[in-house]
Amino acid sequence: MNPKCYCTGWPLVAALAASVLALPSLAAPLTLDEALRLAENNAPSLTAQAAKLQAASSAAIPAGELPDPKLLLGIQDYPIGGPDRWRLEQDGMTMQMVGVMQEVPNRDKRRARIEVAEAAVDRAAAEGRVERLNVRQATALAWISSYSVERKEVLFQDFYRENRLLADTVRAQIAGGRAQPADAVTPKQEAAQLAEQQDELIRLRAQARAALKRWIGPAANDQPVGSLPEWPIDTSGYSHKLQYHPALAAYAPMTREAQAKVREAESEKQSDWSWELDYQRRNRQFGDMVSVQFTFDLPLFPESRQNPKIAAKHAELNQLEAEREALVREHTQQLEDDLAEYERLNRAVYRSQDSLLPLAKEKVGMTMASYRAGKSDLAPVITARRELIEARLKQIDFEEQRALTSARLYFAYGDTNQ
């Protein structure tokens, strides 16, 4: 056995393994559906909302129950003066007492507390739906941005290849005496400008992946694959779905909760009561005793006690209704803005596909033909090529912005999985 095989073979195997693991093409694919699934399973905010719902559900169980009874222990009529002072069983009135007391809030108060607890459960569930919408929407927006950056990265490979072809053409023109030697510098300048644009692209990729990582964790480093989503946008029907937006729908249980708190405050005007049962042990010659008593609250001063509390709960209810109306107007404006923006971007995408890109490509071909024929210098070629590069990048920008706008609309008004 040749030991040299081990000396040269294992480093080679290790190098090959490291190079294979480092290949970006082997990164796991990340589709939009997979990103949404990971977000719903991993988002900490959804875990927090689930815990909040569980807490509200648990708190609702004892909401209408009576308070715990109280155990009473004591000594009554204990003498501290006279001939029987400091003695428990000499005076006939001295008693060792044990008893139980139960407080009973009035029926309206208990019913209002149950309504408050049930509304709090519904509110927690509604807030969970709102957070789920936010997580799904934010994940989709981050995935679209990350996917668009990767599309631009692919374009830059074409740009560099075309730049090398331009450099070959320029060298051929110089060799044939149809171009100036200084023209050889121009493709190098263009390559440097492309590298500068690509540096900006690297920054955008890092930002997009960081935004996506917030929702799905380390899987954000995987390669986004697939295509931009094409959700159906109902431009005429979304205004009718506005009231069902989760953020607005959450105000229904919030309003019920506030109304129940008003009724709970009003119930303070009614008397709570309690009962007490005591057993008193005395000296055997006197006999034991039993006592029963009832206690009632007397809400005799409502103007300075109960009424201000009721007014405060009414003000909170009015505040809630005003906030909902403000949110309705905000969402109405946002919906109209997004619909108008979507229509603009839709037209921009088709205009770029059907007109701007073909014209830019045609211009590059015409200027390059003139340059090769020696009928023009290199400057028009470079200008036309830059215009084509910007047109191709802008095409992706238009498609990205349209997808982002449609995502906001879809998850707010068209997602049937809410």
Side-chain angles (χ1 to χ4, degrees), residues 31-41 43 45-46 48-50 52-53 56 118-145 147 211 215 226-259 317-350 398-418:
T31 64
L32 176 57
D33 290 339
E34 177 65 10
L36 293 175
R37 185 190 68 80
L38 290 172
E40 291 194 43
N41 292 336
S45 59
L46 293 181
Q49 287 298 327
K52 183 177 181 179
L53 176 59
E118 291 175 345
V121 173
D122 293 340
R123 175 179 180 175
E127 291 174 347
R129 289 190 291 272
V130 173
E131 184 58 29
R132 182 174 180 272
L133 162 66
N134 293 336
V135 168
R136 284 172 60 82
Q137 184 182 93
T139 301
L141 297 179
W143 185 92
I144 290 170
S145 297
Y147 177 79
W215 306 110
S227 59
L228 289 177
E230 296 182 359
W231 293 300
I233 303 300
D234 185 4
T235 56
S236 60
Y238 281 168
S239 58
H240 300 292
K241 298 181 180 179
L242 179 64
Q243 60 181 326
Y244 302 110
H245 189 286
L248 295 175
Y251 274 85
M254 292 167 64
T255 300
R256 292 200 307 272
E257 183 181 12
Q259 292 170 341
L317 178 59
N318 294 336
Q319 174 189 350
L320 198 62
E321 293 172 348
E323 288 177 351
R324 183 188 184 282
E325 178 60 26
L327 191 61
V328 168
R329 296 185 184 186
E330 178 183 344
H331 278 274
T332 301
Q333 177 191 352
Q334 186 64 50
L335 173 59
E336 294 175 356
D337 290 346
D338 285 342
L339 288 174
E341 180 68 3
Y342 179 79
E343 292 296 334
R344 182 192 73 83
L345 291 168
N346 211 29
R347 292 191 298 268
V349 167
Y350 289 120
F398 285 147
E399 293 176 355
E400 176 188 3
Q401 292 302 317
R402 183 179 65 173
L404 293 174
T405 303
S406 66
R408 286 190 291 268
L409 290 168
Y410 173 75
F411 286 104
Y413 306 105
D415 187 3
T416 57
N417 294 320
Q418 292 179 5

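For the numbers below, each heavy atom of this structure counts, side chains included, while hydrogens, waters and symmetry mates do not.
- For the residue pair V135 and A43, the shortest heavy atom distance occurs at CG1-CB, 3.9 Å.
- To the nearest 0.5 Å, the span separating OG on S239 from NE2 on H331 amounts to 15.0 Å.
- Ion pairing between E34 and R37 holds under the 4.0 Å rule for side-chain N and carboxylate O.
- Side-chain contact between Y413 and I233 is absent, with no heavy-atom pair separated by less than 4.5 Å.
- Side chains of E323 and Q319: a donor-acceptor N/O pair is present below 3.5 angstrom, by distance only.
- Of the possible polar contacts, none joining the N346 side chain to the Y342 backbone as a donor-acceptor pair under 3.5 Å is found.
- What you find for A140 and F411 is that their closest heavy atoms are CB-CE1, 3.4 Å.
- Annotation: the span from L409 atom CG to Q334 atom CD amounts to 8.5 Å, rounded to 0.5 Å.
- Remark: R402 CZ to L228 CG distance equals 8.0 Å, nearest 0.5 Å.
- Shown here for Y238 and P232, the closest heavy-atom pair between the two residues is OH-O, 3.3 Å.
- In terms of heavy-atom proximity, S45 sits nearest to E131 at OG-OE2, 2.7 Å.
- Within the 4.5 Å cutoff, the side chain of E40 has no heavy atoms near those of the T139 side chain.
- Here K52 contributes atom NZ and E127 contributes atom CD; the two are 3.5 Å apart, rounded to the nearest 0.5 Å.
- At least one side-chain heavy atom of L327 sits less than 4.5 Å from a side-chain heavy atom of Y251.
- Nearest heavy-atom pair across A120 and A56 is O-CB, 4.0 Å.
- E399 places a side-chain heavy atom less than 4.5 Å from the side chain of V349.
- Once rounded to the nearest 0.5 Å, the distance linking CZ of R129 with CG of L46 reads 13.0 Å.
- The closest side-chain donor-acceptor pair between E341 and T405, if any, does not fall under 3.5 angstrom.
- Among all heavy-atom pairs drawn from L53 and A125, the shortest one is CD1-N, 3.8 Å.
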Quiz item: Would M254 and D122 count as a side-chain contact (heavy atoms from CB on, under 4.5 Å) if you check the C-alpha gap in whole Å, the side-chain angles of each, and the deciding distance to 0.1 Å?
Solution: CA-CA 8 Å; M254 292 167 64; D122 293 340; over 6 Å; no
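- Between atom CG of residue L320 and atom CD of residue E325 there is a gap of 12.5 Å, rounded to the nearest 0.5 Å.
- Between Y410 and W231, the ring-plane angle classifies as parallel under the 30° and 60° cut-offs.
- A donor-acceptor pair is defined here as one N or O able to donate and one able to accept, closer than 3.5 Å; such a pair exists between the side chain of S406 and the backbone of A403.
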